[in-house]
Every structure is written in structure tokens, then in C-alpha cells.
Number of protein chains: 2
Amino acid sequence: MTKKEEKKFEHFLTEFKTIVSKKGFKNTTQKDRILEILYFSKEHLSAEEITKKVQVKFNMDIGIATVYRSLNFFEHMNIVESLDVGDGTKRFEFKKEQHHDHMICTNCHQIIEFSDDVIELNQIKIAEKNGFILEDHIMTIYGLCEKCQKTLQ
Amino acid sequence: MTKKEEKKFEHFLTEFKTIVSKKGFKNTTQKDRILEILYFSKEHLSAEEITKKVQVKFNMDIGIATVYRSLNFFEHMNIVESLDVGDGTKRFEFKKEQHHDHMICTNCHQIIEFSDDVIELNQIKIAEKNGFILEDHIMTIYGLCEKCQKTLQ
DNA sequence: CTACTTGCAAAAGGTTTGCATCTGA
DNA sequence: TCAGATGCAAACCTTTTGCAAGTAG
């Protein structure tokens, strides 16, 4: 990761911790580390993977329960979102500024991210039409990726 | 359910059982009953709910393992699909002719079905653009339904 | 007959919870 | 100081699996 990205993260973290304090929660090293792993991860991580990455990168052992509790906390704080890939575990990712959706290979579980304005717009329309207050949405396309198409031939 | 719907189901079941036989699998009363419950259910059912409904409607006890195995079998046969509502259980529904997506209330977990041609079309485009062979897709919108908007005020 | 199914109970696997201890503010 | 956070282990829940017995074709 570049110096610039690091700065960006540090800035985000400082701001986030202020909000946490204001809401009466406490900032801890554990939360910081988990967040840092999520922030810089290009993959969607499971709780167990996060635990391991924290151990490797920061030489710090965190209880898996703490990881789950932090993840739920971050989800409530709306800075992390979870995703069901269909491999039996919940996976988490840092919520980027711009929304995106996922395309998942049913064979190798590889995840490709994409975003599409037309779909975004239509989701809003549909929610309105049904009287829903839109909170979030998941659009996941399942299929065979190019690599697996060849492998399975 | 009307007589006409019953006829339709019987016809479907006969046809499906022929395919099952051809593929070398066996037809059983258990599978028939589970399928009948799914076919006529307006809700998306969990394995446990299906087990209970079979017991009530047909006065027949089915092991939960059998229900799960049948459900997986039906999914492979492409006549049933599963859905993650976010309440900790997998839910199943009979695959209707026309595809539809789901809008789920994050408070009461009520499910509204909808379909939207624009979204369907764009999914195909996105899959193509990324070299995926489209198999399936999930489009789920999360929000607060009208009822819960009032309740939570 | 015999390969596929079922049912039971045990196992598995992910996630949550109770509780004593610790710690940030 | 003390409410919130952590870590451990146990508990929970849903789903899967091994195996002996049953049954469709």
C-alpha cells in the first residue's frame, strides 16, 4: 500500500474513533487492527481469516468472539458490510464510497465487483413503488468464470 | 388451492418424476410431499418449517436430514431455489416459470417479490462483459416496509 | 435383487453468549 | 472509577454425514 493510502486510512480512523467516542463506545487496539485489515484487503474476508491476518501482520492474538463482535459493531456503524458468498461463511468488506455489486463464480468462488448505474436507479424505483425505505441492496450474479469454463471442459 | 392448480401440480409432478427415473434416482413419498408443500407455499420456507408442514398436512413424519437432502436434490434439478433472508436460515421456494427477485424488510423479514426487465437485461450484459456464463442471479433489496416504518416511529 | 433413500443420532462448522477479567476515558 | 470491551470456553443452531435398515424399480 502507498503512503497516500496509509494517510487516507489514518485520517479515516481518527475521524471514525471520534464518532465512536461520541456515541459512548470505546476505542481499542483490537478494533483498530481489524479495521486496518479490512480497509486494505482486496478480498472479502471471513472472521477467521481476519483473525489470522491480524496475527500475521501485527503479531497480535485476538479472540474470534471479539472479531465477530467488532464486525457486527462496524456493520451497525455502517462502515463494513457482509456478504454471503455461498461457501458457508459470512464474508466482510470495508464499505467503499461508491456502491458496487458482486459476480461470483459458482465453481471457484472468485468474486468480481462491478457497478451499474441503470441497475442502481431501477432499485430505487422499485423500492419507492412498494413503499419501502431503501436501506441497502445486494445484487449478486452467479455464473462460471472464464477460467473455470476452461477447467471444467 | 383451486382444482385447476391441483391439476397443474399433478401434471408437473408426473413429468418431474419421469425425469428423476430417467436420471437413475428414485421417487419417494417423502420427495413428493416436500415438493407439494413447496409448490403451494406462498412463503419461503426453512427446512424445519417444511418438516412441520408435511407433518400437519399429510400426518407424516419426515427426518430433517431427508428434508435437507431432498431440498439439495431439487436445487440440483433446478426446480427449487434457496434464499438467504438474513435470519440465520436458508429458505427455499419452488422455482416459478418467470424469474423474480426479492425485497426484504430488515425489521420483520417480510418478503416482497418483484421482477424488472431492465434489471434482468443489464445482468446479462454485465455477465457477458466479464466473460461469465450466467447461471443465476440474486437481486435483493433491503429496507423498511411500510408497516415497520409506522411501528418504529 | 441392489442401488438409491430414509431416519436417527452424532458430528461439523460457523456464530453467539456467559462470565470473569481487563481497560479506555 | 466503572461502563464498555476482551478472551476463553461453552452453548447454540443450522446443516451435513455415517451407518444400518428400508424400499423403489
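First the proteins, then the strands, lettered A, B, ... as listed; each starts at 1. Everything quoted here is computed from the prediction, not taken from an experiment. Only this structure's heavy atoms are used, side chains among them; waters, hydrogens and symmetry mates stay out.
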S.K.: Select from B/A47 and A/F73 the residue whose nearest nucleotide in DNA chain D is closer to the 5' end of that strand.
M.R.: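 The residue whose closest nucleotide sits nearer the 5' end is A/F73.
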S.K.: Please name the pair of heavy atoms, one in A/Q149 and one in A/L144, separated by the smallest distance, quoted to 0.1 Å.
M.R.: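 Heavy atoms only, the tightest pair is NE2-O, 2.8 Å.
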S.K.: In terms of side-chain geometry, is the basic nitrogen of A/E146 or A/K150 positioned less than 4.0 Å from the acidic oxygen of its partner?
M.R.: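 Salt bridge: no.
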S.K.: Quick one about A/E93 and A/H102 (side-chain donor to acceptor, distance below 3.5 Å, no hydrogens or angles considered), yes or no?
M.R.: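 Note: A/H102 and A/E93 side chains meet the donor-acceptor criterion.
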S.K.: How many Å lie between CZ on B/F92 and P on D/dT14, as a whole number?
M.R.: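 Atom CZ in B/F92 sits about 13 Å away from atom P in D/dT14.
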S.K.: With heavy atoms under 4.0 Å as the rule, sort A/I64 into base, sugar-phosphate or nothing.
M.R.: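 Answer is nothing: A/I64 stays at 4.0 Å or more from every strand.
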S.K.: Under 3.5 Å between N/O atoms: give me all the protein pairs with nucleotides 21-24 of chain C, atom names plus distance.
M.R.:
residue	atom	partner	partner atom	Å
C/dG24	O3'	A/N27	O	3.3
C/dG24	N2	A/K26	NZ	2.9

S.K.: Tabulated below should be each protein N or O lying under 3.5 Å from an N or O of nucleotides 10-12 of chain C; please produce it.
M.R.:
none

S.K.: Counting only side-chain heavy atoms from C-beta out, which of C/dC8, C/dT15, D/dT14 sits nearest to B/E48?
M.R.: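 Among the listed nucleotides, the one closest to the side chain of B/E48 is D/dT14.
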S.K.: If I take atom NZ in residue B/K90 and atom P in nucleotide C/dT15, what distance separates them, rounded to the nearest angstrom?
M.R.: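 The distance from NZ of B/K90 to P of C/dT15 comes to 14 Å, rounded to the nearest Å.
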S.K.: What is the distance from NE2 of B/H76 to P of C/dT5, rounded to the nearest Å?
M.R.: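 Result: 13 Å.
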S.K.: Got more than 12 heavy atoms from elsewhere within 6.0 Å of NZ, B/K57?
M.R.: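 Buried by this count: over 12 neighbours within 6.0 Å.
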S.K.: Just the rounded figure in Å: distance from P of D/dC12 to CG of B/D87.
M.R.: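 Computing the B/D87:CG to D/dC12:P distance gives 19 Å.
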S.K.: Verify whether one side chain among B/S82 and B/E75 offers a donor that lies under 3.5 Å from an acceptor in the other.
M.R.: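 The answer is yes; a qualifying pair exists.
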S.K.: Which distance, rounded to the nearest 0.5 Å, do you find between the CG of A/L45 and the CZ of A/F92?
M.R.: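 Between atom CG of A/L45 and atom CZ of A/F92 there are 10.0 Å.
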S.K.: With respect to the side chain of A/T89, which nucleotide from D/dA9, C/dT6, C/dG14 is positioned closest?
M.R.: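 In terms of side-chain proximity for A/T89, the closest of D/dA9, C/dT6, C/dG14 is C/dG14.
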S.K.: Kindly say if B/K31 contacts the phosphate of C/dT5, meaning a side-chain N or O under 4.0 Å from OP1 or OP2.
M.R.: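 Checking C/dT5 against B/K31, a side-chain N or O does come within under 4.0 Å of OP1 or OP2.
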S.K.: Does the ring pair (Phe, Tyr, Trp, His ring centres under 6.0 Å) test come out yes or no for B/F12 and B/F94, once each step is laid out?
M.R.: CA-CA 12 Å; B/F12 159 78; B/F94 189 84; 5.0 Å; yes
S.K.: Remember a base hit wins even if backbone is also touched, and classify A/F25 as base, sugar-phosphate or nothing at under 4.0 Å, heavy atoms.
M.R.: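 Contact class for A/F25: sugar-phosphate only.
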S.K.: Distance check: side-chain N/O of B/Q30 vs OP1/OP2 of D/dT23, anything under 4.0 Å?
M.R.: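 For D/dT23, OP1/OP2 do not have a side-chain N/O of B/Q30 under 4.0 Å.
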S.K.: Please report the distance, rounded to the nearest Å, between CE in A/M60 and C1' in D/dA5.
M.R.: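 Rounded to the whole Å, the gap is 12 Å.
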S.K.: Just to confirm, is there a sub-4.0 Å distance from OP1 or OP2 of D/dG7 to any side-chain nitrogen or oxygen of A/T66?
M.R.: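 Answer yes for this pair, as a side-chain N or O of A/T66 is under 4.0 Å from OP1 or OP2.
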S.K.: So do the side chains of B/I111 and B/L83 get within less than 4.5 Å of each other, counting heavy atoms only?
M.R.: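 They are in side-chain contact.
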S.K.: Given the rule in the ring pair (Phe, Tyr, Trp, His ring centres under 6.0 Å) test, do B/F25 and B/F73 qualify, once you have shown the distances and angles that lead to the verdict?
M.R.: CA-CA 10 Å; B/F25 299 111; B/F73 175 71; 5.2 Å; yes
S.K.: Measure CD/A/E49 against C1'/C/dT15 and give the value in whole Å, please.
M.R.: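 Atom-to-atom, A/E49 to C/dT15, this comes out as 15 Å.
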S.K.: Starting at CD1 of A/I34 and ending at C1' of D/dT6, how long is that distance when rounded to a whole Å?
M.R.: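 After rounding, the reported distance stands at 10 Å.
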S.K.: Could you tell me the separation between the CZ atom of B/R91 and the C1' atom of D/dT15, rounded to a whole number of Å?
M.R.: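 Rounding to the nearest Å, CZ of B/R91 and C1' of D/dT15 are 15 Å apart.
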S.K.: Among C/dT16, D/dT6, C/dG7, find the nucleotide with the atom closest to the side chain of A/Y68.
M.R.: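 The answer is C/dT16, which lies nearest to the side chain.
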S.K.: Is it the case that D/dG4 (base atoms only) and A/R69 (side chain only) share a donor and an acceptor within less than 3.5 Å, ignoring hydrogens and angles?
M.R.: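 Answer no: no donor N or O sits under 3.5 Å from an acceptor.
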S.K.: Have a look at A/R91 and tell me which of A/E81, A/H44, A/E49, A/H109 forms a side-chain hydrogen bond (donor to acceptor under 3.5 Å, both in side chains) with it.
M.R.: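 By the side-chain hydrogen bond (donor to acceptor under 3.5 Å, both in side chains) criterion, A/R91 pairs with just one of A/E81, A/H44, A/E49, A/H109: A/E49.
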